[in-house]
A.B. asks: 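Input: one structure, supplied below.
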There are 2 protein chains.
Amino acid sequence: MADAPVPAAFAAHDHRQCAGTVLARAEALCATRGLRLTPVRRRTLEILLEAHRALGAYEVLERLKADGFGGAPPVAYRALEFLAALGLVHRIRRLNAFAACMHPGEAHQALFLICRSCNALAELPGAALRSALDAAAAATGFSVERASLEAVGLCPACRAAAA
Amino acid sequence: MADAPVPAAFAAHDHRQCAGTVLARAEALCATRGLRLTPVRRRTLEILLEAHRALGAYEVLERLKADGFGGAPPVAYRALEFLAALGLVHRIRRLNAFAACMHPGEAHQALFLICRSCNALAELPGAALRSALDAAAAATGFSVERASLEAVGLCPACRAAAA
DNA sequence: ACAGTGCATGTTATGGTATAACGCCAGAAA
DNA sequence: TTTCTGGCGTTATACCATAACATGCACTGT
């Protein structure tokens, strides 16, 4: 239940490898739950992993269409919804966009940092924050089911550039 | 910098009074900053206070139109944006909606609890949570400017009803 | 093999949210 | 008065999201 060690965040890393790992993880997750990682779903996840940033549903859709999949919005939204339900993809409400989860595992709370200058997106483990949130909510009798933790600001690179 | 004592949250309270207080606060805030609480802006805030719940921009627009103000979307969005910048109104991204702030003061962090059953909305002080968030972000070199903390779940009344 | 069932995909149509871009006007400043 | 600024109004359009229905495939039980 503890947070993962440390996220790649804004540091450079090997996209190829993280994508491969996540895809393998997705396969396994579907297999154990008797769900199907169909071509559209798999391709949708790949698209998000390749982009390595948040994409709007219509951007995903464009790429799916280019790959010969159905070109109407519900196609993309359904795949994204499926992946989000499994925690393989996160929805970033502030951006009306979706991003592949960088460290998918059983239920975890994500915390997003969005750079307003370069649009970089980092996903941090937010379990600790979530616990605090749950506690605050519980004090009013409210039970939390899902939470969005999203912050806008400047990433290290843009801060340096602005200085 | 400490959180306000305790929010009305889901408890009943006197709308008339809280609305009056907030409006007075808004007047004062604009005066001290040399900003203008114009008729549209004032009415927009009143509408949100009267509704006492989150309203979509188009709902606000309808009511503005009924009061003789311009009926095109930018009119509502501009007023809402102005009020949000002053912290008099909060934008709830999860709902694509806006709600009057229940305890406006200088910069404060709101935490929203949204009941998925009855759509009730509570605003809690989120300064503590925000500090934790800032710290987590700072560890990656990111500087937070604004944050959305929104949770979906069941309010006390709906929990009781579901049991 | 066959029919029945459930799930995934595809398609059409529509609804909801948000902003760009321009023109006008009033009040402050020169 | 002229000029400048900020706020408002309007048109038009872009962008985001889902309802509702049709098609088809894979699996199950007989």
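Numbers restart at 1 for each chain; the letters A, B, ... are given by sequence-line order, proteins then strands. All values derive from a computational prediction rather than experimental measurement.
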A.B. asks: Please find the pair of heavy atoms, one from B:L129 and one from A:A132, that lie closest to each other, and give the distance.
C.D. replies: CD1-CB, 3.4 Å

A.B. asks: Summarise protein proximity over nucleotides 20-30 of chain C in one line of letters, 5' to 3': B for base, S for sugar-phosphate only, - for none, counting protein heavy atoms closer than 4.0 Å.
C.D. replies: B----------

A.B. asks: Quick one: does any side-chain atom of A:R159 pair with a main-chain N or O of B:G141 as donor and acceptor, under 3.5 Å?
C.D. replies: yes

A.B. asks: For the side chain of A:T38, starting at C-beta, report the closest nucleotide among C:dT9, C:dT12, D:dT11.
C.D. replies: C:dT9

A.B. asks: Would you check if the side chain of B:E62 reaches a backbone N or O of B:E59 as a donor-acceptor pair within less than 3.5 Å?
C.D. replies: no

A.B. asks: Heavy atoms only, 4.0 Å cut-off, all strands: where does B:G71 land among base, sugar-phosphate and nothing?
C.D. replies: sugar-phosphate

A.B. asks: With the side chain of A:P73 defined as its heavy atoms from C-beta on, choose the nearest nucleotide among D:dT10, C:dT19, D:dT18.
C.D. replies: D:dT18

A.B. asks: Rounded to the nearest angstrom, tell me the gap between atom CZ in B:R33 and atom C1' in D:dG6.
C.D. replies: 18 Å

A.B. asks: C:dG15 P sits how many Å from B:E59 CD, rounded?
C.D. replies: 17 Å

A.B. asks: Quick check: on DNA chain D, is the nucleotide nearest A:A57 upstream (toward 5') of the one nearest B:F82, or the reverse? Name the residue that is more 5'.
C.D. replies: B:F82

A.B. asks: Rounded to the Å, how far apart are B:D67 CG and D:dC8 P?
C.D. replies: 15 Å

A.B. asks: To the nearest 0.5 angstrom, please state how far the CD atom of B:E150 sits from the OG atom of A:S148.
C.D. replies: 5.5 Å

A.B. asks: CG of A:L61 versus C1' of D:dT18: gap in Å, rounded?
C.D. replies: 14 Å

A.B. asks: Rounded to whole angstroms, how far apart are NZ on B:K65 and C1' on D:dC8?
C.D. replies: 16 Å

A.B. asks: Is there a side-chain contact between A:L121 and A:F112, using heavy atoms and a 4.5 Å cut-off?
C.D. replies: yes

A.B. asks: Quick one: side chains of residues 80-90 of chain A, donor-acceptor pairs under 3.5 Å with protein atoms, not counting sequence neighbours, listed by atom name and distance.
C.D. replies:
from: A:H90; atom 1: NE2; to: A:H108; atom 2: NE2; distance (Å): 3.2
from: A:H90; atom 1: NE2; to: A:E123; atom 2: OE2; distance (Å): 3.1

A.B. asks: Whole angstroms only, please: what is the CD-C1' distance between A:E62 and D:dC16?
C.D. replies: 14 Å

A.B. asks: Side chains of B:L133 and B:V144: does their closest heavy-atom pair fall under 4.5 Å?
C.D. replies: yes

A.B. asks: Round to the nearest Å and state the distance from A:E81 atom CD to C:dC7 atom C1'.
C.D. replies: 14 Å

A.B. asks: Counting only non-hydrogen atoms, which of residues 90-98 of chain B are less than 4.0 Å from DNA chain C?
C.D. replies: B:R91, B:N96

A.B. asks: Tell me whether the side-chain N or O atoms of A:Y58 pair up with the base of D:dA14 as donor and acceptor below 3.5 Å, since no angle test is needed here.
C.D. replies: no

A.B. asks: So do A:L113 and A:C155 actually touch side chain to side chain, heavy atoms under 4.5 Å?
C.D. replies: no

A.B. asks: By centroid distance (under 5.5 Å) and plane angle (under 30°), are B:Y77 and C:dT19 in a stacked arrangement?
C.D. replies: no

A.B. asks: If I take atom CG from residue B:L45 and atom CZ from residue B:R43, how far apart are they, to the nearest 0.5 angstrom?
C.D. replies: 10.0 Å

A.B. asks: Grab the CG-P distance between B:L35 and D:dG6 for me, whole Å please.
C.D. replies: 11 Å

